[in-house]
Amino acid sequence: MDPMSDSNSLRSSDLPEMFRPPVNRAMRVLDRSFFRKTIPLSAATVFQNSDISKVRGELHKSKDLLTLPRLTSIRDVAEQDGGQVKKALLLREEIKHDEAATWSPTINELVEKGKVGLRPYELTLDYDYWTYADIISSILPEDELQEIPQGFTQVGHVLHLNLREQYLPYKHLIAEILMDKNKAVRTVINKTEDVGSQSQFRTFPFELLAGENDLNVVQHEQDCEFRFDYARVYWNSRLETEHRRLVEKFNQGEMVCDVMAGVGPFAVPAGRKKIFVWANDLNPHGYEVMQDAVKRNKVEGFVTPFNKDGREFIRWSAQELLEAEPVTITIHPKVRRDKKTGKRVEQAPPPHPEEYHRPLFFDHYVMNLPATAIEFLDAFAGVYAGKESLFAPQTSQRLPMVHVYCFSGHSENELDDHIDICQRISERIGYTITPEDRVGGSGNESLELSIHNVRLVSPKKQMFCASFRLPAEVAFRKI
């Protein structure tokens, strides 16, 4: 499992022993009440409320304050006779209220000046205080603590685990604690087999570990909203950065062919940027979700969903786009209104509407099916056969960029992975591409090759995005 990207809390082993939770390595059913601990400390009672800020600053500077994550050092305490409530500052555990030898010069000075008085204080920590890492580290066997299971993917209210075999006996404990510590989570599931092992739609078998049996989620990404049944479509929240990276390469008014579009994480945000997209997915439910997302995010003019086989779609769409009726999208400027009166504010000169004309050719192809997308590249052979006169150098129209996702090894020298990817692409398109065909390389710069490292999937498996301009020898090949 990948490390938990949103965890910034200390692990239990990083806390001083006295502040770690109680240990019960025989626990198999979560007992939250077990995790309660009272710790004897000392506190500095501040006699005048007006001195609180200054005293706190001095004790912070002298490093006498207790510093624990998620814990404030200021506490209310009643005077010994049960009278007036005062503010007290918790002191680090080495300081003893009744042993002046443990006091720092700063504490001594504050006591002598009559600013503070030291007293005992019992600090109670419980299940709600400790993090998931703290709690699970006090339950798992000691020999399993080198790498505690704390990776997950969250999709809407669903937390998706991919537990290793040694942690399966503790799966329900892990799920309950994770749900407790992530308030937006209502459902925890564990993947039981690899993505796509039983479905060509990249869905996966799973088991419900905790919470509601409800996988109908609402997911937000790049200011777009998607609603889908997570059990029936593919979605990976860890790819948001990659979705954003690629969409930023597209320019307003360009035309994109998203061959394996899923529910639209590339297509819908691109539509919001006023980029035309024909977005295709083989999964009928994914297609329905994409249709909903297009309407929900108001990109109907720019994004058109399809439900076809990917290889067929590559060839069909290129011809269909050339022959389709012209499309012009007109976007009228928003009417400005006076904030107080609500009346329309006339602008001089009035702003012109924006017009976007759908291109006749695709500027980009996106192929996000890393397990098999390279195998679909043979569909580009002859995709524009007989239409050479429509492209450069006869016109200003360039052949499209192809962005194909794939897996390769995780080699010590990444060039080895790049060579592997180029060889596999070359075999499918019948044209040799090498890592030197990048801009600034010693090969064919016109291919504009780039290979982007997307993410490490497992210790020996890396996900890449290879981008290259479709060679004329492939696009115009007579077949």
>> List the residues meeting side-chain hydrogen bond (donor to acceptor under 3.5 Å, both in side chains) with N297, not counting sequence neighbours, and say none if there are none.
In response: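 With neighbours one apart ignored, the set is empty.
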>> Test of understanding: with side-chain hydrogen bond (donor to acceptor under 3.5 Å, both in side chains), list the residues that count as partners of Y167, not counting sequence neighbours.
In response: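 Testing Y167 for side-chain hydrogen bond (donor to acceptor under 3.5 Å, both in side chains), a comparison that skips the adjacent residues, returns none.
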Measuring centre to centre across the rings, with the benzene-like ring taken for any Trp, is [X] within less than 6.0 Å of [Y]?
X	Y	result
F464	H452	no
W130	F35	no
Y356	F302	yes

> Is any NZ, NE, NH1 or NH2 atom of the basic residue among E445 and R469 found under 4.0 Å from an Asp or Glu carboxylate oxygen of the other?
Replying inline: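 No salt bridge links E445 with R469.
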> Could R32 and D180 be called an ion pair, given the rule that one side-chain N must be under 4.0 Å from one carboxylate O?
Replying inline: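 D180 and R32: salt-bridged.
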> Who passes ring-ring contact (aromatic ring centres under 6.0 Å, His included) against F476, sequence neighbours left out?
Replying inline: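 Result, ring-ring contact (aromatic ring centres under 6.0 Å, His included) vs F476: F391.
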>> Restricting to side chain to side chain contact (heavy atoms under 4.5 Å, CB included), what partner residues turn up for A175, sequence neighbours left out?
In response: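 A175: side chain to side chain contact (heavy atoms under 4.5 Å, CB included) contacts with V188, L209, A210.
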> Does any pair with a residue in residues 368-382 pass salt bridge (charged side-chain N to carboxylate O under 4.0 Å, His left out), and if so which ones, sequence neighbours excluded?
Replying inline: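 Applying salt bridge (charged side-chain N to carboxylate O under 4.0 Å, His left out) to every pair that reaches into residues 368-382, excluding sequence neighbours, yields R311-D378, D378-R428.
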Pair up each side-chain donor or acceptor in residues 433-441 with any protein partner under 3.5 Å, not counting sequence neighbours, and list the distances.
{"residue": "T434", "atom": "OG1", "partner": "E436", "partner atom": "N", "Å": "3.2"}
{"residue": "E436", "atom": "OE1", "partner": "R438", "partner atom": "NH1", "Å": "3.4"}
{"residue": "E436", "atom": "OE1", "partner": "S442", "partner atom": "N", "Å": "3.1"}
{"residue": "E436", "atom": "OE1", "partner": "S442", "partner atom": "OG", "Å": "2.9"}
{"residue": "E436", "atom": "OE2", "partner": "R438", "partner atom": "NH1", "Å": "3.3"}
{"residue": "D437", "atom": "OD1", "partner": "N444", "partner atom": "N", "Å": "2.7"}
{"residue": "D437", "atom": "OD2", "partner": "T434", "partner atom": "N", "Å": "2.9"}
{"residue": "R438", "atom": "NH1", "partner": "P435", "partner atom": "O", "Å": "3.1"}

> Should the ring pair F306 and W316 be called parallel, tilted or perpendicular, given that the plane angle runs from 0 to 90° and is split at 30 and 60?
Replying inline: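 Ring orientation of F306 relative to W316: perpendicular.
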> Angle class for the F266/Y405 ring planes (parallel below 30°, perpendicular above 60°, tilted otherwise)?
Replying inline: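 Geometry flag for Y405 against F266: tilted rings.
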> Are more than 12 heavy atoms from other residues, nucleotides or ligands located less than 6.0 Å from atom CZ of R296?
Replying inline: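 Yes - once you tally the heavy atoms of other residues, nucleotides and ligands closer than 6.0 Å, there are more than 12.
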